[in-house]
Structure formats: structure tokens, C-alpha cells
Amino acid sequence: MTLLLPAVPDAVRSRTPSGCGRLSPVSTSRDGALDAPADGAPPTTDVLLARAAEGDQHAFAQVYDALSPAVFGTCLSVLRDRDHAAEVTQEVMVELWRTAARFEAERGSARTWALTLAHRRAVDRVRSVQSQRNRDQRALDEQGERPFDVVAEEVEDALDRERVRHCLDGLTPTQHEAVVLAYYGGRTYREVADELAAPLATVKSRIRDGLLRLRDCLGVMVA
Amino acid sequence: MSADDTAGTHGTDGTDVHDLIAAYALDAVDDVERRTVERLVARDARAAQELAELRATAALLGAARSTPPPPALRGDVLGAIARTPQAAAAAGVVGPGPADAGRVVTGRSTRHADRAPAGPARRPGRTTTWLAVAATALAAAAIPSALAVQQAQQTQRVEARAQAVTDLLADPGSVVVRSQVAGGGTAVGVLSDERALFTATGLAEPAEGREYQLWVLRDGEALSQGVVPDDGGRVEVISEDYRSGDGLAVTVEPAGGSEQPTTEPVVVLQPAQA
């Protein structure tokens, strides 16, 4: 598949944060939780990944150090199991290594790419596990024992990034619920609709409106 | 490639594919929908733009959960990559598959000039620190100095709390209990052997001059954990006094809190009996 894009300058930049209590210096790092401070100007992860694409394993070790907490955290938030999360993290990091050259050619953000891949892989795994579990333990599931959702729903407050928390708090309760169930719960919007006994179109709107609102609050912009 | 004539593309079932972009960005679509969205994005600049933004937004949701991976994983990964040949740079030749599909979309559509992680990031666990420092500095610039100090302190607390919560959730022995709150809202406790996280959402605002107060229930006694700051109906407290087998309760008390509960609890969370 080929994606055709307009001439997109390399920028996901912040809009002026709306009520997020942020100013531009951090907002420019919206995707760069691990941005280095200005002093010394060490190579960025994107640069390191480009080196890794040429077979530089040392550079890749630095990529690993920079990205693995976010990758592992993403996997863990979906899988709720450290062993599974570690396995998926390894898959993702090896994939990052394997396809580093392509990544560089496409000039995307290493971080967003890694986390997108991590979430996709984690969701794939949780769905395969759940489909089996659903067959085996449907009754149990229907008792409302869903540590997945409970934890996912309640630990936004545990986020080490208050910004995300702030913006999640800015969603309506129904948007919040739908986005959290979908992203952290690894559910399809149909599953979310079933879970909430809400119409499909309604849930789709909640996810869309909620994510758009998050985007605006977080100041994500692709210029 | 005009966005306008394709943005309203409808699927065979009448679904507006464009409306699925957000769900796609959250990996909340099925395989058929996934491909449908990818087809739309491939030909619709506006859709691609939106997807790029929502992908980056979703990634932030994940990044917000950054957690140091098991230390041994580093060696495993570096060992694995030493044995893994790399794919060529030419686009379109690297293997197909779900993961690759996701990658293609992201890599091409999410473009930005962010400086990427490096430096302090090399140590997992530094992330939180750095962010907290950054957030503090910004807060200081944005608000009067006295408030800035408070903000700095709060940020430190938030950071410590986040780590505590992370530890709690990572504890395989922790259990989750949930209950409705009288007067509105839902409470969830994450209980471990030596501490507990109490969270609630949707709480009613206490009456004027009243506050929520958290208690640890042990052997028929109520140990005050202090009044609970209510942030728009959402609270989160770590109780370090909590021990295995204890319960948690919240009462509504006069501002400043009470030494012992003076009202019936609005919620009680008890671990399941062993």
C-alpha cells in the first residue's frame, strides 16, 4: 500500500495549548517525552535510528534505552501482564531494528512509530488471548470481573504525564470511557458498544470526538 | 488528490469511513475496517492528515504510561538484533502483515520535527523526572512565584505518586476492588500488602464546609488517611498505612477532617475474604 501525502513539512507541532497549563518549550516535545535538554545536543533518537539502519548496534542500544520505557508502558497498559508486555516489547524493538532503514527513509517520528507498533501488537495479542478466554470463561467475564478495564479506567491518574491526564479529564465522561476502553482496554469500538450497551454510531462518535478533543488539548498538529 | 471528493466516502454498509479514522488510530477497528480506512487514507490527503494527528495523539496516551521494562530485556533485545538481518531501505519491499501495515501508515503519515529522545532518556526511569522538571519550570513561568512553589511541590508529589501507583499496579499480589459511591461516583481500590491506591471518579461535590476523608479500616478501627483533595469529582490517594486485609472507607467530614468518622461511609472497599 502506498500512502500519498501532500508535501508535509516534518512537523508535529503544538498548537497553543488550550488550558493545558503548558507553554511552548515542552509543547514542542509533545511526542518527545525523552527529549534531551539543549545542553550538549546529543543525537536524537531519530538520528540514532538512522545510524542503526546502517547496522550500528551501539546506536540501536541507545534507541532501545530511549524508547523502551514508552513501548513497555504502552504494552503493559493494554496487556496488564509484565511478561506479555516484555515479550511484545522485544518484538517491537526487533522490528524497529529490522526495518530501521525504511523508517529512516520515511522520516517519521521514531517514537510515534514505535508506540503505534507497540499498541497494535499488544492489541493483537490481547484479542487472541481474549477470544480464547471468552470461549472458556464467558460466564466469568459476564460477572463483571474485568481487571483490565477497571485498572485501565482508573489509573489514568497514575500517568506520569499530567498533561495527558489533564486532557483526558477534559473529555466528557462518555468520551473518556470510550477512548479508554478502546485504547487501554484494547477493544474494538464494537466491543466498546457492547460493553456499554450503547449504539455503534454513538460509540464511534464518542471515540472520534474524544480523540479529536484530546488532540486539540494536547496540541498535536501535523503541519 | 483532492480531499473534498473523498472525505465522505462511504463503505458498502453505508458507514462513513472517514468517521472510522479515530477508531483506527486507536486500533479499535476490525480487519476489514482497517483495510477500508487504509484505502481511504491512501487517496485522501485530508484523511491522511487527520490520521497522522490522531496517531500522534494515541501515541501520547501510550507514552504517558512509560514504565521501565525488566532490566534483563535489554540484553535479550540487543542479543536478538545482533542475530537479525535488517531489511532494505526501499519502501514497499518489506514484508506484509498487520504490524507492517500499521507501520506503513504511521511512518508515512506521522511526520514531524520533534527532537527525538536521547540524553537523559538513556536511563529508563529518568523520563518521569525529566518531565516533572520540565512541567515545573513551565508552571513557574506561567504563574506567580508563590504558586509556582506550590506547583513545584505538587509536581514532585505527582511524580512520587505516579511511581507509587506504577509500583502498586506492577505488584502481582495487588488486587482491585470496586464499588459504587453513595451520592454518585465509582471507587476503585488497588490493594497490595503494604499500601493501597484509592481512586474515585464522578464524586458529588461535598456540601459547603465538608470534605471527603479516607480511612483505613483495621480490626474495627478507622485510621485517618486525611482529607481527600477532590479534583472535579476525581480523587486519587495512596495510603501507605494500608496493610493486607485492611479495608478502605470514605466519609464526608467537616472541612479539615475528623479524628474519627462522624458520618456513615459513602463507600467501603474490602478485599475479598481469603
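Per chain, numbering begins at 1; letters A, B, ... match sequence-line order. Atom set for the values below is all heavy atoms of this structure, side chains included, hydrogens, waters and symmetry mates excluded. Fair warning: this is a prediction, and the values are worked out from it, not measured in the lab.
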List the steps, then state whether side chain to side chain contact (heavy atoms under 4.5 Å, CB included) holds for B:Leu73 with A:Tyr64.
-> CA-CA 10 Å; B:Leu73 188 63; A:Tyr64 176 89; 3.5 Å; yes

Do A:Tyr189 and B:Leu26 pass the side chain to side chain contact (heavy atoms under 4.5 Å, CB included) test, and can you show the C-alpha distance, the side-chain angles, and the key distance before you say yes or no?
-> CA-CA 9 Å; A:Tyr189 75 95; B:Leu26 297 179; over 6 Å; no

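B:Arg74 places a side-chain heavy atom less than 4.5 Å from the side chain of A:Asp65.
For a residue to count as touching a neighbouring chain, one of its non-hydrogen atoms must lie under 4.5 Å from one of that chain's; by this rule B:Ala72 does not touch chain A.
Among A:Val179, A:Leu214, A:Val164, A:Leu212, the one residue that satisfies the side chain to side chain contact (heavy atoms under 4.5 Å, CB included) test with B:Thr57 is A:Leu214.
Going from atom CG of A:Leu115 over to atom CZ of B:Arg65 covers 13.0 Å, rounded to the nearest 0.5 Å. Expressed to the nearest 0.5 Å, how far CZ of A:Arg215 lies from CG of B:Leu60 amounts to 13.0 Å. In this structure, A:Leu211 CG and B:Glu53 CD are separated by 10.5 Å, a value rounded to the nearest 0.5 Å. From B:Thr84, atom OG1 reaches atom CZ of A:Arg98 across 9.0 Å, with rounding to the nearest 0.5 Å. For the atom pair CG of B:Asp27 and CZ of A:Arg187, the computed distance is 15.0 Å after rounding to the nearest 0.5 Å. Going from atom CG of A:Leu76 over to atom OG of B:Ser66 covers 11.0 Å, rounded to the nearest 0.5 Å.
When all heavy atoms of A:Ser68 and B:Pro69 are compared, the pair lying nearest together is OG-CG, 3.6 Å. Scanning all heavy atoms of the two residues, the minimum distance from B:Ala80 to A:Val94 falls at CB-CG2, 3.8 Å. For B:Ala63 against A:Thr74, the heavy-atom pair with the smallest separation is N-OG1, 4.0 Å. Across B:Ile81 and A:Gln57, no two heavy atoms sit closer than the pair CD1-CG, 3.9 Å. Of all the heavy atoms in B:Thr67 and A:Phe72, the pair that sits closest is O-CD2, 3.3 Å. Taking each heavy atom of B:Arg55 and A:Thr112 in turn, the nearest pair found is O-CG2, 4.2 Å.
Ion pairing between a basic and an acidic side chain is recognised when a charged N comes within 4.0 Å of a carboxylate O; B:Glu33 and A:Arg190 show such pairing.
A donor-acceptor pair is defined here as one N or O able to donate and one able to accept, closer than 3.5 Å; such a pair exists between the side chain of A:Tyr184 and the backbone of B:Leu61. Judged by distance alone, the side chain of B:Gln86 and the main-chain N or O of A:Ala52 form a donor-acceptor pair under 3.5 Å.
Taking B:Gly62, B:Pro85, B:Ala25 one by one and counting their heavy-atom pairs under 4.5 Å with chain A, the maximum is reached by B:Gly62. Comparing A:Ala118, A:Ala86, A:Ala182 by how many heavy-atom pairs each has under 4.5 Å with chain B, the most go to A:Ala86.
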